[in-house]
Amino acid sequence: MTTSAETLEFQSEARQLLQLMIHSIYSNKDTFLRELVSNASDALDKLRLEAFRDKELQADTDDLHIEIDTDSENRTLTVRDNGIGMSRDDVVALIGTIAKSGTAEFLKKLKETKDSAASQDLIGQFGIGFYASFMVADKVTLLTRHAGSDEGVRWESEGEGTYTIETVPDLPQGTSVVLHLKPEDTEDQLFDYTSATKIKQIVKKYSDFITWPIRMTEGEEVVTVNSMKALWARSSSDVTEDEYNEFYKHVAHDWNDPLETIRLQAEGTFEYQALLFLPGHAPLDLFMRERKRGVQLYVKRVFIMDDCEALMPEYLRFVKGVVDAQDLSLNVSREILQQDRQIQLIRRRLVKKVLSTVKTLMADENPYKYETFWKEFGRAVKEGLLDDHENRTAILDICSFASTNDPEKLTSLREYVERMKDGQEHIYYLTGESRQSIENSPHLEAFQAKGYEVLVLTDPIDEMWVDAVPGFEEKQFQSVAKGEVELDETSDEQKEEFSGLLTWLTTSLAEQVKEVRLSTRLTTSPACIVGDTNDVTPTLEKMYRAMGQEMPQIKRILELNPGHPLVAGLRSSFTENGESEGLAETAELLYGMALLAEGGELGDPARFTKLLASRLEKTL
């Protein structure tokens with residue numbers, strides 16, 4: 001018995017996406033069918049997998065397929081599958097709500113984007129799936145019954161902010177999406193989607209590789225309109241770039257072409273085929289905790305699982321594609337995969353292939369692809385420097401960094417090493433929140449004066465990997481803000497002249513610093529604060545505290561520039577008059593200035609301001 005229809009409101013994000021589709025600025029409206037066929041294919045994959053795992057499941061798996069019906073008289077197009085289907089809760093969760101990571105950020109960026117080309121680009125990054133139906137339909141009806149359930153669900157909406165949903169009996173297993181089509185308008189790229197010829201053309205272009213039959217009725221005959229050949233199983237010479245691009249869009253749910261396609265085939269002890277893709281854009285959830293990795297696992301062309309974490313490390317989570325293994329059991333779980341020797345060997349080869357592909361892009365005469373890759377995924381790739389010791393050298397080889405050598409162009413470590421000065425033993429770097437703050441840091445003064453190149457590292461992950469990675473090409477990494485830097489010799493005479501002042505300052509500032517010493521890294525600033533060689537940086541300390549980790553107070557070292565008039569005056573005053581309240585206040589101001597110069601935070605800003613105002617007043 002049919003229950004009364006209930007009218008519900010779309011979640012606010014879903015309403016915005018619906019309006020985006022209804023008033024779509026996306027010119028290629030044909031892609032709505034690709035999205036619906038892709039969803040139907042996923043539903044068939046899930047049913048076959050579920051039926052294999054649950055022998056008690058009451059489901060018909062004899063003739064799994066996708067069916068497309070056109071009705072020119074009523075102007076409807078129906079995409080039907082006999083896959084896993086949905087329950088009422090599934091429908092509300094999957095269609096009434098956008099539960100996709102990054103939705104809020106996507107909509108925020110979309111509002112900020114004014115020109116249509118950039119908006120289309122964003123739509124492509126996010127992918128819209130089912131909502132693409134509203135590009136071509138002014139009403140959508142969905143009928144579905146979950147395999148093993150007795151009750152079906154009818155969902156309907158005109159995309160205006162609400163939808164109706166009701167429980168209905170006697171529905172076939174699977175899902176039917178009925179599009180009540182808008183009038184044909186070729187100027188707006190709205191074609192006649194009741195034309196069987198047009199539908200076959202779209203299927204051939206976007207969904208030919210789907211491994212389930214896609215059927216249409218022509219007269220008295222039912223015909224299969226796709227070849228059903230798994231792309232990864234075909235010879236590379238038989239596959240066009242357009243076919244690769246469409247397959248990528250299917251597995252990645254992306255509307256844009258991939259940046260690069262990677263094929264891999266292994267024969268011998270164990271056999272597998274892999275078809276991987278480097279996307280052209282970072283997904284919006286790349287750095288979100290609930291993110292997913294993008295490699296699907298098949299066994300002998302049978303879909304086993306989405307998002308197979310065992311096949312790709314976390315730092316390459318953006319790689320999309322499929323791996324088809326010949327010798328695994330169909331009844332394999334995620335837990336078993338983590339321990340499976342074959343999977344571990346496949347993973348090792350996939351990682352090496354991805355890294356070598358990026359290195360090839362780096363060496364290409366056309367730098368666009370590599371530059372795009374690094375801009376979109378560099379931050380994630382650098383995570384591998386912490387986790388993947390086996391491939392650390394290969395990862396370092398494909399990294400690029402900003403440096404003081406060029407205000408805009410990035411440099412590889414190999415290029416840095418080739419430019420190193422004679423006698424230079426270290427690869428110098430400085431971490432910070434922005435290039436501007438690093439370039440203005442007093443720590444750089446002597447290095448710039450002597451022409452030493454310094455890497456400018458501003459990503460949060462940079463704070464961590466530089467301490468974990470010993471070096472590159474037998475050159476160790478050295479922070480210009482940590483340890484002792486001997487760019488010039490400090491004369492014995494200077495050491496003697498300043499010894500009394502340094503001892504007194506170390507005692508006077510004991511609550512703030514562990515030591516006060518002379519510096520060879522300063523040329524124009526009076527002082528700077530540095531860490532001991534193995535100390536945690538202030539930025540990293542702040543990150544740990546933000547994550548709720550307790551951190552002991554880390555005292556750092558105050559270095560003085562003996563050639564600066566302020567420091568020379570401080571020494572003279574101490575030598576002539578000894579310690580005094582005024583001298584102690586000057587020392588406190590000197591420390592505060594050094595702290596501010598590196599972007600640090602004063603412990604007592606009010607006291608610092610009061611002391612500074614008092615000193616300024618005396619100069620007037």
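Treat the numbers as computed from the prediction; the structure is a model and nothing was measured.
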> Hey, mind stepping through Thr194 and Ser72 against side chain to side chain donor-acceptor pair (under 3.5 Å) and telling me if it holds?
Replying inline: CA-CA 5 Å; Thr194 65; Ser72 54; 5.0 Å; no
**Prompt:** Taking it one step at a time, do Tyr163 and Glu158 satisfy side-chain contact (heavy atoms from CB on, under 4.5 Å)?
**Reply:** CA-CA 7 Å; Tyr163 59 89; Glu158 294 179 0; over 6 Å; no
**OP:** Show your working on side chain to side chain donor-acceptor pair (under 3.5 Å) between Gln265 and Glu267 and close with a plain yes or no.
**Re:** CA-CA 7 Å; Gln265 182 160 337; Glu267 297 174 345; 3.2 Å; yes
task: Starting from the C-alpha separation in whole Å, work towards a yes-or-no answer on side-chain contact (heavy atoms from CB on, under 4.5 Å) for Trp374 and Met362.
output: CA-CA 10 Å; Trp374 192 252; Met362 204 175 190; over 6 Å; no
Q.
I'd like to know whether Leu311 forms a side-chain contact (heavy atoms from CB on, under 4.5 Å) with Ile343, so could you lay out the CA-CA distance, the side-chain angles of the two residues, the decisive distance to 0.1 Å, and finally the verdict.
A. CA-CA 7 Å; Leu311 285 170; Ile343 287 290; 4.0 Å; yes
Is there a side chain to side chain donor-acceptor pair (under 3.5 Å) between Asp388 and Asn391? Walk through the geometry before answering.
CA-CA 6 Å; Asp388 189 351; Asn391 292 298; 2.9 Å; yes
Report the C-alpha separation of Tyr315 and Ile395 in whole Å, then their side-chain angles, then the decisive distance to 0.1 Å, and conclude whether the side-chain contact (heavy atoms from CB on, under 4.5 Å) test is met. CA-CA 11 Å; Tyr315 72 94; Ile395 297 170; 3.6 Å; yes
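For Phe32 and Tyr193, the distance between ring centers is under 6.0 angstrom.
Closest non-hydrogen pair, Ile68 versus Met216, comes out as O-CG, 3.6 Å. Taking both residues in full, the closest heavy atoms of Asn226 and Ser207 are given as CB-O, 4.0 Å, listed atom of the first, atom of the second, then distance. When all heavy atoms are compared, the tightest approach of Leu179 to Ser133 is CD2-CB, 3.6 Å. Here the shortest heavy-atom pairing between Val153 and Ser87 reads CG2-C, 4.0 Å. The minimum heavy-atom distance linking Leu190 with Met135 is given by the pair CD2-O, 3.6 Å. Across Lys182 and Phe134, no two heavy atoms sit closer than the pair NZ-O, 3.1 Å.
Note that OG1 of Thr175 and CZ of Phe130 are 10.0 Å apart. Values are rounded to the nearest 0.5 Å. In this structure, Arg263 CZ and Ser236 OG are separated by 5.5 Å, a value rounded to the nearest 0.5 Å. Distance NZ/Lys139 to OG1/Thr76: 10.5 Å, rounded to 0.5 Å. The CD atom of Gln173 lies 10.5 Å from the CD atom of Gln58; values are rounded to the nearest 0.5 Å.
A side-chain donor from one of Asp306 and Gln296 sits under 3.5 Å from a side-chain acceptor of the other.
With a 4.5 Å cut-off on side-chain heavy atoms, Val168 and Glu166 count as touching. Thr141 has its side chain out of reach of Trp155: every pair of non-hydrogen atoms, C-beta onward, lies at least 4.5 Å apart. Side chains of Met312 and Arg347 form no contact here, defined as non-hydrogen atoms less than 4.5 Å apart. Under the 4.5 Å side-chain criterion, counting only non-hydrogen atoms from C-beta, Thr78 is not in contact with Val177. Considering only heavy atoms from C-beta on, Val354 stays 4.5 Å or farther from Thr357 through its side chain. Residues Val323 and Ile346 have side chains in contact (heavy-atom distance under 4.5 Å, counting atoms from C-beta outward).
With respect to Asp63 and Arg215, a salt bridge is recorded, a charged nitrogen being found less than 4.0 Å from a carboxylate O. In summary, Lys198 and Asp30 engage in a salt bridge, as defined by a charged side-chain N under 4.0 Å from a carboxylate O. We find that Lys249 and Asp257 are joined by a salt bridge, their nearest charged nitrogen and carboxylate oxygen being less than 4.0 Å apart. Looking at Arg48 and Glu50, no side-chain N of the basic residue comes within less than 4.0 Å of a carboxylate O on the acidic one, giving no salt bridge. Here Lys369 does not pair with Asp364 in a salt bridge; the nearest charged N to carboxylate O distance is not below 4.0 Å. Between Asp192 and Arg75, at least one side-chain N (NZ, or NE/NH1/NH2) sits under 4.0 Å from a carboxylate O, which counts as a salt bridge. For Glu6 and Arg88, the salt-bridge test passes: some basic side-chain N is under 4.0 Å from an acidic carboxylate O. Residues Arg317 and Glu383 are paired through a salt bridge, judged by an N-O separation under 4.0 Å between the basic side chain and the carboxylate.
Residues meeting the ring-ring contact (aromatic ring centres under 6.0 Å, His included) test with Phe373, sequence neighbours left out: Phe318, Phe377.
Taking the ring axis of Phe277 as reference, the NZ or CZ atom of Lys320 does not stay both within 45° of it and closer than 6.0 Å to the ring centre.
Considering Ile165, Thr164, Thr162 in turn, Ile165 is the only one that fulfils the side-chain contact (heavy atoms from CB on, under 4.5 Å) rule with Leu8. Between Glu243 and the choices Lys205, Lys229, Arg234, the side chain to side chain donor-acceptor pair (under 3.5 Å) rule is met once, by Arg234.
Here salt bridge (charged side-chain N to carboxylate O under 4.0 Å, His left out) pairs that include residues 140-153, with residues two or more places apart or in two chains, number zero. Sorted by first and then second residue, the ring pair (Phe, Tyr, Trp, His ring centres under 6.0 Å) pairs with a member in residues 210-237 read Trp232-Phe247, Trp232-Tyr298; sequence neighbours excluded.
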